[in-house]
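All chains are named by letter (A, B, ...) in the order of the sequence lines, taking the proteins before the strands, and each is independently numbered beginning at 1. Atoms considered below: every heavy atom in the structure, side chains included; atoms not considered: hydrogens, waters and symmetry mates.
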2 protein chains.
Amino acid sequence: MDPHLLRTFVAVAEHRSFSAAASALGYTQSAVSQQIAALEAELGVALLRRRPVEPTQAGERLLEHAGPLLLRLAAARADVTRAAAAPAARLTVAATALGAASAGLPAALMRLRAARPRAEVEVRLAGAPEVARLVAAGEAELGLADGLAAPTDPLPVAAATAGHLTARGVAHRDLAVALPREHPLAGAAGLALGDLVDALWIDAPALGAPLTRLREVAGADGFRPGLAYTGSDVATLAALVAAGHGLTLLPATAGTPWPYGPGTTGVRLTAPRLVHRVELLHATLPPGPAADLAAALAPAG
Amino acid sequence: MDPHLLRTFVAVAEHRSFSAAASALGYTQSAVSQQIAALEAELGVALLRRRPVEPTQAGERLLEHAGPLLLRLAAARADVTRAAAAPAARLTVAATALGAASAGLPAALMRLRAARPRAEVEVRLAGAPEVARLVAAGEAELGLADGLAAPTDPLPVAAATAGHLTARGVAHRDLAVALPREHPLAGAAGLALGDLVDALWIDAPALGAPLTRLREVAGADGFRPGLAYTGSDVATLAALVAAGHGLTLLPATAGTPWPYGPGTTGVRLTAPRLVHRVELLHATLPPGPAADLAAALAPAG
DNA sequence: CCATGCGATAAGTGATACTGATGGAGGGTG
DNA sequence: CACCCTCCATCAGTATCACTTATCGCATGG
């Protein structure tokens with residue numbers, strides 16, 4: 001079970017073609033064929049049906065294991081090389097846009113800069129699953145992922161990662177429904193989900209996928225999808241709401257004015273009780289800027 | 001990062017010797033030397049200091065990853081070969097002695113036998129960490145591990161396993177202090193831990209390590225270790241208690257008479273609130289006898 | 001019935017991973 | 001202080017392995 005073979009097996013299964021996988025990996029088709037044959041011989045099991053190319057039942061099982069395995073392998077590699085090459089002060093933080101803002105990353109980074117002026121820091125924005133992947137693979141030391149969850153639940157993203165990561169809630173806020181300023185419900189003190197089943201909703205997978213989560217929680221058949229927004233910029237999302245493409249959910253801000261966009265306003269979501277939660281993801285942290293920043297990020301959730 | 005190289009690296013680190021690892025693995029010393037050199041060259045990092053042989057900091061990091069990685073690799077292998085070779089009805093259950101009894105494994109197996117008369121079943125007794133390892137490595141489909149925990153906490157054993165396992169509580173009972181029948185406190189209605197700080201205790205690592213857990217929970221310096229019992233047989237443990245070697249903790253039995261040994265009796269432990277908990281460990285279960293048995297084992301905890 | 005596309009197979013070659021022998025550094029011993 | 005012994009590194013030689021190139025077999029579709 002050479003990881004090499006595993007990697008090409010995954011590639012073949014994804015491409016559903018030996019030749020395509022071969023050129024993607026920079027091999028000849030023959031090499032891929034031999035590699036798969038070798039893997040099958042080693043395990044004594046057919047992993048792929050040919051023509052059309054698709055995984056057998058055994059192949060499916062292997063695919064389930066292969067992802068986490070290769071991820072963990074990458075993590076080990078990154079961890080080891082980092083341990084040696086960099087007693088230096090370099091730190092990569094992967095974060096979702098809302099996660100970084102809600103957890104107070106900028107302020108925490110300023111404190112870090114004060115304590116360790118020589119630390120090189122990179123902030124890398126990505127969607128929540130990608131943040132988890134980056135941290136799991138060791139490409140980032142810390143991750144801030146945000147999402148919608150029931151008040152006591154962890155984010156689903158944490159469970160999905162291989163298992164060698166620890167997650168800690170570093171921020172949670174109530175949710176607000178983002179509405180156009182002139183929307184009839186814009187002045188309401190609070191809204192329950194039932195009031196909004198018939199409304200048009202904008203789903204934003206990169207910003208917590210509010211619509212998808214709503215449907216999971218409420219189980220309702222309503223919540224018509226008005227528009228899917230695949231960007232990760234909140235201002236653009238707010239502009240879409242302002243223009244009437246639909247409603248969406250954003251973390252509420254206590255006290256301060258609604259910050260997301262001038263044409264929109266927020267009304268607290270009162271039921272079901274859902275929160276916007278940010279979790280800090282990391283593997284075991286050796287002392288250094290990463291550990292400092294992790295400690296600086298919110299006194300536990 | 002060939003798993004092969006990883007395995008010999010682990011062996012060298014454990015044996016603290018290239019030659020010893022070589023003979024353990026069936027290689028020549030030269031081969032091991034070359035393998036380690038190859039690994040270090042690939043990662044660009046020194047993993048071991050020689051003379052004496054000990055891991056560098058980078059090596060330590062790699063060691064932390066290597067175990068789970070190799071475990072997961074074994075799991076993948078087992079899972080794949082099982083998926084193909086055995087649509088048949090064969091099932092291995094790893095269990096601790098108290099875990100099997102407390103979770104009602106015998107009865108559940110009888111029900112399984114009724115539903116699937118042709119199923120071959122193997123029950124494999126082991127300590128809790130070994131149970132977890134067996135399930136994680138795919139050598140057993142199901143695992144029943146028992147241990148002491150706070151009422152809401154999961155068992156620590158579950159957290160230690162690589163992460164691709166799911167754990168479900170299938171039984172929990174209050175704890176009783178096992179005392180010799182003629183012990184002055186034998187007639188008490190309940191005992192708090194404070195009453196017993198000065199007593200002699202028997203620790204039984206294979207039976208939940210009560211003494212170790214007690215000290216973690218109570219933090220007290222008391223709880224003198226009278227005797228360490230490394231066996232896994234409860235009757236023997238009870239005999240040791242009866243002979244006055246010390247007290248220990250066993251799951252209480254509600255209503256029914258104290259079943260563990262004629263010379264002993266049990267008094268409920270009232271504080272701190274600790275429970276004896278049994279968890280069912282398993283990876284993703286395809287339909288089959290394993291899934292049936294998992295379902296038959298207690299309607300959730 | 002033939003062209004085309006895709007995977008399997010065969011043959012050849014360079015790289016690789018062992019074994020066995022030798023070298024050199026540390027640590028103990030007379 | 002010389003000696004030896006242990007232990008790891010290194011070297012040379014060899015068998016195996018993993019790739020490439022070339023070819024084959026077999027579906028599918030015109």
[X] [atom1] - [N] [atom2] separation (whole Å):
X: B:Asp2; N: D:dA18; atom1: CG; atom2: C1'; answer: 13 Å
X: A:Gln34; N: D:dT16; atom1: CD; atom2: P; answer: 17 Å
X: A:His4; N: D:dC19; atom1: NE2; atom2: C1'; answer: 10 Å
X: A:Leu48; N: C:dA8; atom1: CG; atom2: C1'; answer: 14 Å
X: A:Gln29; N: D:dA22; atom1: CD; atom2: C1'; answer: 12 Å
X: B:Ile36; N: C:dA17; atom1: CD1; atom2: P; answer: 13 Å

If you compare every side-chain N and O of [X] against the phosphate oxygens of [N] (OP1, OP2), does one of them come in below 4.0 Å?
X: B:Ser33; N: D:dC8; value: no
X: A:Ser17; N: C:dC6; value: no
X: A:Tyr27; N: D:dT20; value: no
X: B:Thr28; N: C:dT19; value: yes

Tell me if the CD atom of A:Gln57 is crowded by more than 12 foreign heavy atoms within 6.0 Å.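 No, not enclosed.
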
Please figure out whether B:Ala38 or B:Ser30 has its closest DNA chain C nucleotide nearer the 5' end.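 The residue closer to the strand's 5' end, by nearest nucleotide, is B:Ala38.
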
Residue B:Ala31, side-chain atoms from C-beta onward, closest of C:dA8, C:dC18, D:dC8: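 When the side chain of B:Ala31 is considered, C:dC18 is the closest of C:dA8, C:dC18, D:dC8.
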
Which of the following nucleotides, D:dC8, C:dG7, C:dC18, is nearest to the side chain of B:Phe18?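 Closest of the options to the side chain of B:Phe18: D:dC8.
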
